[in-house]
S.K.: 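Got a structure here, written out as structure tokens. Questions coming.
For clarity, every value in this text was computed on a predicted model and none was experimentally measured.
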Amino acid sequence: MAYTPCDSSQIGMNAQKNCLFPAYAGLQTLAVMCRWEDVNRIIYYHEHDEGEVEVVGNYSGGGEQETVTMQNKNRIKRILLKGWVNSDETAEEEEDSKEGDQVPSEPTHGSDNSEEEDDGDESYAKWIAIEAGGVTPYADTSEEYDADSGTFTKTLTFTAPRAGAEFSSEFIEPLLRNKNGWVVVLQRKDKKGGDSAFPILGLDNGLIASEASLNYTEGENGGCYSFTLTETYAPSAEMDLWWGNYHDTQNEFNSYLKYTINDHGAADE
């Protein structure tokens with residue numbers, strides 16, 4: 001195979017203002033989070049008739065991966081956690097959708113060719129819902145380019161929506177002690193900005209807790225914990241969940257909410 005240099009400096013799009021829908025800042029309160037090591041597969045969005053391309057194997061580095069060609073590595077169509085597979089129905093719907101609008105269908109949980117037996121809720125990984133507290137949800141959440149390494153540092157900040165001993169042992173301590181990090185899917189308030197509505201942080205190297213503090217008398221945070229999680233040396237800038245339009249991408253995000261962990265402090269559906 002002939003040598004082909006890797007050149008990521010070629011710009012393929014104008015930096016032009018969207019006159020109809022100018023961008024504006026702000027994040028919605030609700031997000032979803034999973035453990036970085038629970039990400040088993042990612043599927044990239046692809047606009048053309050070839051359909052989506054899938055990275056098969058353990059995304060966190062434990063399994064073999066196929067060599068894939070994607071239209072845009074920063075557009076993520078689906079994040080499949082351990083124990084989750086695309087059902088036959090999903091495959092048929094996606095095949096039918098190639099000629100027209102794509103219709104998201106929910107992933108299903110099962111063996112996924114795993115040696116582990118399906119034993120109910122413990123057989124597949126789940127998402128974790130976050131309802132950020134404080135006056136401004138996820139205030140100061142940001143990305144920054146490091147010119148020395150040519151990579152990006154991504155920072156997630158949020159305030160817990162509740163306090164107490166149970167919440168401390170069931171959420172705060174595991175959040176802070178997970179050294180492999182977390183993946184978070186956020187929701188922008190800007191719903192008309194195209195493929196920027198659902199930012200993903202931590203998918204490359206994991207968001208790892210770098211700061212946590214509690215001020216019992218601070219009114220702005222409601223006397224609850226505030227967290228800072230940081231992803232370092234990420235090779236990609238902004239990554240987003242994307243199905244080709246806002247409505248279908250929202251459905252994909254909502255499918256993750258359907259399979260969040262059982263919370264003893266909140267009513268199940």
S.K.: Can you tell me how far CD of Glu238 sits from CG of Asp195, rounded to the nearest 0.5 angstrom?
M.R.: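 Asp195 atom CG to Glu238 atom CD measures 7.5 Å (nearest 0.5 Å).
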S.K.: Could you check whether Ser142 and Asp140, counting side-chain N and O atoms only, form a donor-acceptor pair closer than 3.5 Å?
M.R.: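 No, Ser142 and Asp140 have no side-chain donor paired with an acceptor closer than 3.5 Å.
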S.K.: Any chance you could lay out the side-chain contact (heavy atoms from CB on, under 4.5 Å) test for Ile128 and Phe171, step after step, and finish with the verdict?
M.R.: CA-CA 10 Å; Ile128 301 162; Phe171 181 86; 4.2 Å; yes
S.K.: Checking Tyr256 against Met33 for the side-chain contact (heavy atoms from CB on, under 4.5 Å) test, could you report, in this order, the C-alpha distance in whole Å, the side-chain angles of both residues, the deciding distance, and whether it holds?
M.R.: CA-CA 9 Å; Tyr256 302 160; Met33 176 177 71; over 6 Å; no
S.K.: Can you tell me if Glu231 uses its side chain to pair, donor with acceptor, with the backbone of Asp204 under 3.5 Å?
M.R.: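 Yes; judged by distance alone, with no hydrogens or angles, the pair exists.
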S.K.: Just wondering, more than 12 heavy atoms not from Tyr145 lying within 6.0 Å of its OH?
M.R.: yes
S.K.: With hydrophobic residues grouped by side-chain heavy-atom distances under 4.5 Å, do Tyr233 and Ile200 end up in a single group?
M.R.: no
S.K.: At their closest point, which heavy atom of Leu30 faces which heavy atom of Glu131, and how far apart are they?
M.R.: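 Distance-wise, the nearest heavy atoms are CD1-CG, 3.9 Å.
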S.K.: Is a side-chain donor or acceptor of Lys82 paired with a backbone partner of Glu37 at a separation under 3.5 angstrom?
M.R.: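 Between the backbone of Glu37 and the side chain of Lys82 there is a qualifying donor-acceptor contact (under 3.5 Å).
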S.K.: Calculate, to the nearest 0.5 Å, the distance between atoms OG1 and CD belonging to Thr228 and Glu211 respectively.
M.R.: 4.5 Å
S.K.: Throw together a table of side-chain donor-acceptor distances under 3.5 angstrom for residues 173-186, partners on residues two or more places apart or in other chains.
M.R.:
| residue | atom | partner | partner atom | Å |
| --- | --- | --- | --- | --- |
| Asn178 | OD1 | Asn180 | N | 3.0 |
| Asn178 | ND2 | Gly181 | O | 3.0 |
| Trp182 | NE1 | Leu175 | O | 3.2 |

S.K.: So, Asp146 versus Thr153: side-chain donor-acceptor pair below 3.5 Å or not?
M.R.: no
S.K.: Is a side-chain donor or acceptor of Ser168 paired with a backbone partner of Gly164 at a separation under 3.5 angstrom?
M.R.: no
S.K.: Given the rule in the side chain to side chain donor-acceptor pair (under 3.5 Å) test, do Ser226 and Asn221 qualify, once you have shown the distances and angles that lead to the verdict?
M.R.: CA-CA 7 Å; Ser226 295; Asn221 292 335; 3.0 Å; yes
S.K.: For a 4.5 angstrom cut-off between non-hydrogen side-chain atoms, does Leu80 reach Ile42?
M.R.: no
S.K.: Could you see if Phe152 belongs to whatever hydrophobic cluster contains Phe198? Use Ile, Leu, Val, Met, Phe, Trp, Tyr and a side-chain cutoff under 4.5 Å.
M.R.: no
S.K.: Would you compute the distance between atom CD1 of Ile172 and atom CD of Glu166 and round it to the nearest 0.5 angstrom?
M.R.: 11.5 Å
S.K.: Minimum heavy-atom separation for Thr260 to Leu257, with atom names?
M.R.: OG1-O, 3.3 Å
S.K.: Would you compute the distance between atom NZ of Lys189 and atom OG1 of Thr29 and round it to the nearest 0.5 angstrom?
M.R.: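 One finds 7.0 Å between NZ of Lys189 and OG1 of Thr29.
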S.K.: Which heavy atom of Phe227 sits nearest to which heavy atom of Tyr225, and what is that distance?
M.R.: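 Shortest heavy-atom contact: CZ-CB, 3.5 Å.
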S.K.: Looking only at heavy atoms, which two atoms of Asp240 and Ala197 are closest? And how far apart?
M.R.: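 Heavy atoms of Asp240 and Ala197 come nearest at OD1-N, 4.2 Å.
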S.K.: Before giving the answer on side-chain contact (heavy atoms from CB on, under 4.5 Å), spell out for Gln187 and Gln250 the whole-Å C-alpha distance, their side-chain angles and the decisive distance to 0.1 Å.
M.R.: CA-CA 9 Å; Gln187 299 183 90; Gln250 178 77 70; 3.3 Å; yes
S.K.: Taking the side chain from Asn205 and the backbone from Thr232, do they hold a donor-acceptor pair closer than 3.5 Å?
M.R.: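 Side chain of Asn205 to backbone of Thr232, a donor-acceptor pair under 3.5 Å: yes, one is there.
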S.K.: Which atom names give the shortest non-hydrogen contact between Phe167 and Ala160, and what distance separates them?
M.R.: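 Looking at all heavy atoms of both residues, the closest pair is CE2-CB, 3.6 Å.
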S.K.: Roughly how far apart are Thr249 OG1 and Ile76 CD1, rounded to 0.5 Å?
M.R.: 12.0 Å
S.K.: With hydrophobic residues grouped by side-chain heavy-atom distances under 4.5 Å, do Leu156 and Ile208 end up in a single group?
M.R.: no
S.K.: Give me the ring orientation class for Tyr138 and Phe158: parallel if the planes are under 30° apart, tilted from 30 to 60°, perpendicular past 60°.
M.R.: tilted
S.K.: Drop me the distance from Tyr246's OH to Asp190's CG, to the nearest 0.5 angstrom.
M.R.: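 Going from the OH atom of Tyr246 to the CG atom of Asp190 covers 9.5 Å.
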S.K.: Before you tell me yes or no, could you show the steps for Leu27 and Arg188 under side-chain contact (heavy atoms from CB on, under 4.5 Å), namely the whole-Å CA-CA distance, both residues' side-chain angles and the distance that decides it to 0.1 Å?
M.R.: CA-CA 4 Å; Leu27 293 166; Arg188 285 183 186 259; 4.1 Å; yes
S.K.: Judged by atom type as modelled, is there a donor-acceptor pair below 3.5 Å linking the side chain of Thr141 to the main-chain atoms of Thr157?
M.R.: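 Yes, because the side chain of Thr141 sits within donor-acceptor range (under 3.5 Å) of the backbone of Thr157.
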S.K.: Distance under 6.0 Å and angle within 45° of the ring axis: does Lys77 meet both against Trp243?
M.R.: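 Relative to the ring axis of Trp243, which defines the angle, Lys77 lies inside both limits.
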S.K.: If you look at every heavy atom in Cys34 and Lys126, which pair is closest and at what distance?
M.R.: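 Nearest heavy atoms, Cys34 then Lys126: CB-O, 4.4 Å.
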